[in-house]
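One structure below.
For reference, positions follow the sequence shown, starting with 1.
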Amino acid sequence: MARTPSDDENKVVVPQSTSDRLVATLLEEGLLKKEDLDKAIALQRQQGGSLSQVLIQTGFIDAKLLAGTLSRTLRIPIISLSKMELDPAMANMISRKLAFHYQIVPVSMMGKQLTVAMADPMNVLALDHLSQATGMLLTPLITTQEEINDALNRLYGGAMADTLQELQQESAGSLEVLSEIQEAQAGAVEDLIRLTQEGPVVRLTNAILTEGVNLKASDILVEPFEKRLRIRYRVDGIFREGQSLPPAMHAGVVSRMKVMSNLNIAEHRLPQDGRIKFSVGKRDVDFRVSVVPTYYGEKVCLRILDKSQIRLDLDKLGFDEEPLRRLKEAAMHPHGMILITGPTGSGKTTTLYGLLSLVDKPDKNLVTVEDPVEYDLPGINQVAIRSEIGLTFASALRAILRQDPNVIMVGEIRDEETADIAVKAALTGHLVLSTLHTNDAIGAVARLANMGIEPYLIATCVLLVGAQRLPRRVCPKCKQSFHPSKELIQQMNLPPKGEYMKGKGCGECRGTGLAGRVGLLEAVPITPTLRRLVYQGASSVKLQEAARAAGFQSLRDHALAKAVNGIIPLEEVARTTVGFQE
């Protein structure tokens, strides 16, 4: 039992400073623009939180740059938690609840002094509270929010596993509530809603959502089977299994998620879509919810829309220099169409958001039409499609064109009517950004033709077609060089010399040897030669040949270049790009 510390011992070792000094330093060193500061302050007043976190979330300043400035301003050292082997005993110094609430990581202890890492050392209230709770003298070190999230997950373990263990230890009654919901599904809706508000149901559902955010997953799947409820998380584009639950918990978890997303809790036969806003730590995270009935019950897919993870700066997506230059040049045109293609989850929408951020100016009117709106973009008018009331892509586009927009982003061109209106908009003085589902960039031309768009219209309005993928990076913590076999070199047409890398597998990457993703982009500007071929209705093969002759590099070319430079493993080249080259 911790003794009650004296008043002197409760004093936190942190230099006297204010956010004003930090802001002044950022402005003096040219790390922050005055107009960006004004926008960040306005956002902070609306949504709360610290100014430093708002600056990072909006992309006005890089997290590492801010940490360095904080360190110089407050004279507090920086620590890299990703390079540290955290002592499991430190988890006993600060409770899991307080550590996650204040986003603070206990690092080491010497006598009565506890060293902690935090992204915002100016949060003196958090330090004072934890000093009282632990009876220790706290000394803060500075790190980034990203490293805080990773370290908390490593030190305290997954949220869902801990919650399930707590529920099992408390009493059998905690888990019985989850089973009661399954029996109540056929009864009154009021009883069902009441049961979803019970503590065990709320805690378990919150733990599933929190686990997904902490893992930096893009999606969560809740899948019912005969003998278990499977929870899976898509991390870096690949699903990994989480904690499986007893099948009796299915009804409770799904019903709670329906309540949170304002869906019809009594409807189990039809698909439903909704949205959840959920707080993890000190930030709000949006979840896009899709419920589909299956043989063993309702399956839930949650798309995690974490604003802190989105990057609006095209330069930070990992694209190679040449295709990125072509993409930016096309975006500078006052009118025309830019199409980005690729499968679901390849980052097309993020690229379009980056283009919007690039062309956004006070004298321009920017509008998006999305299904649904994934991220709230400050200063940009965003329209969410609602097909059930007749607000489709086509009808929304017609209305938007009457509002004199300069730039229009269409989330996806799905049908002939939407394609026709988008093309006409590009021909009448608007810059149109959109996506298509094709395997490569040139395939976008054929896709538009299949939708009934005349070749001469395609040739006239399209500025650039692009395609992208998101291969996984080699884990930087456990990467090691290797030399591929002669057979593999011949099969993949590899340069015999290169910095080929692969991950050995470690705790950081959970044994996969892979951590994070990097962008691959092929960008084909419609040159006069290509324009003439498109006008003539040439095949995709002839268009590819003409693009190659003009120096075009495919997704596979860019992937191989990244593999040769040790950025991605050769397996990712094969997984994300079409077949081996002959």
Side-chain angles (χ1 to χ4, degrees), residues 59 62-64 82 144-147 149-150 153 212-221 232-240 285 302-321 323-324 327 340-355 374-375 435 439-440 466-479 499-523 554-578:
D62 180 76
K64 290 183 179 179
S82 62
T144 64
Q145 187 63 48
E146 184 177 8
E147 293 207 7
N149 293 337
D150 289 342
N153 202 39
V213 175
N214 290 340
L215 288 173
K216 298 180 183 175
S218 60
D219 301 88
I220 304 173
L221 293 183
R232 290 194 292 167
Y233 302 92
R234 189 197 289 270
V235 180
D236 294 336
I238 302 295
F239 277 112
R240 63 170 63 162
V285 179
L302 302 106
R303 168 63 59 89
I304 302 176
L305 306 172
D306 189 352
K307 293 179 183 178
S308 67
Q309 298 299 318
I310 187 173
R311 296 181 177 179
L312 298 181
D313 188 346
L314 290 172
D315 294 322
K316 296 180 180 178
L317 297 180
F319 296 145
D320 289 338
E321 184 178 343
L324 181 58
L327 184 63
I340 305 296
T341 72
T344 300
S346 59
K348 300 186 298 297
T349 301
T350 300
T351 299
L352 292 188
Y353 282 165
L355 286 173
E374 294 199 4
Y375 294 97
T435 70
N439 291 325
D440 55 26
Q468 69 179 73
R469 300 290 188 275
L470 291 174
R472 293 175 291 175
R473 289 177 177 269
V474 176
C475 176
K477 304 299 179 185
C478 62
K479 66 179 181 180
E499 297 294 326
Y500 297 105
M501 295 284 181
K502 64 179 179 180
K504 183 179 179 181
C506 63
E508 292 289 331
C509 61
R510 297 175 180 259
T512 63
L514 302 161
R517 294 195 283 178
V518 64
L520 287 181
L521 175 69
E522 64 176 30
S554 67
L555 283 170
R556 190 166 187 80
D557 295 329
H558 293 295
L560 285 172
K562 290 187 185 298
V564 169
N565 292 323
I567 299 173
I568 65 174
L570 290 172
E571 293 82 2
E572 286 297 286
V573 177
R575 186 181 72 86
T576 58
T577 62
V578 179

Partner residues of D440 under the side-chain contact (heavy atoms from CB on, under 4.5 Å) criterion, sequence neighbours left out:
I442, E522, Q544
Checking side chain to side chain contact (heavy atoms under 4.5 Å, CB included) between L520 and each of E572, H558, Q468, R556, which is the one that passes?
H558
Backbone N/O of A467 and side chain of K348: donor-acceptor pair under 3.5 Å
no
If you compare all heavy atoms of V564 against all heavy atoms of Y500, which two are closest, and at what distance to 0.1 Å?
CG2-OH, 3.7 Å
For G513 against C478, the heavy-atom pair lying closest together
CA-SG, 4.2 Å
Can you list the steps and then say if K502 with E571 is a side-chain contact (heavy atoms from CB on, under 4.5 Å)?
CA-CA 9 Å; K502 64 179 179 180; E571 293 82 2; 5.5 Å; no
Taking side chain to side chain donor-acceptor pair (under 3.5 Å) as the definition, give me every residue that meets it alongside T435, ordered by chain and number, with sequence neighbours left out.
none
Atom pair CD1 (I220) and CZ (F239), whose distance is rounded to the nearest 0.5 Å:
10.0 Å
In terms of heavy-atom contacts, A563 and L570 come closest through CB-CD2, 3.7 Å
On a heavy-atom basis, the closest approach of P476 and A515 is CD-CB, 4.3 Å
Test your reading of the model: is there a side-chain donor-acceptor pair from R469 to the backbone of T576, 3.5 Å cut-off?
yes
Would you mind telling me which of I568, L514, D236 makes a side chain to side chain contact (heavy atoms under 4.5 Å, CB included) with P471?
I568
Applying side-chain contact (heavy atoms from CB on, under 4.5 Å), can you list everything that pairs with S218, at least two apart in sequence or on another chain?
R234
Roughly how far, to the nearest 0.5 Å, is the CG atom of L221 from the CG atom of L302?
8.5 Å
Listed by chain and number, what are the side chain to side chain donor-acceptor pair (under 3.5 Å) partners of R473, not counting sequence neighbours?
none
Applying side chain to side chain donor-acceptor pair (under 3.5 Å) to D315 and not counting sequence neighbours gives K328
Under the side-chain contact (heavy atoms from CB on, under 4.5 Å) test, residues paired with L470 that sit two or more places apart:
R517
So which heavy atom on L560 is nearest to which on V573, and how close?
CD2-CG1, 3.8 Å
Gap separating the OG1 atom of T351 from the CG atom of L327, nearest 0.5 angstrom:
7.5 Å
Checking A217 now: which residues fulfil side-chain contact (heavy atoms from CB on, under 4.5 Å) with it, not counting sequence neighbours?
Y233, V235, I304
Could you tell me which residues satisfy side chain to side chain donor-acceptor pair (under 3.5 Å) with K562, sequence neighbours excluded, listed by chain and number?
D320
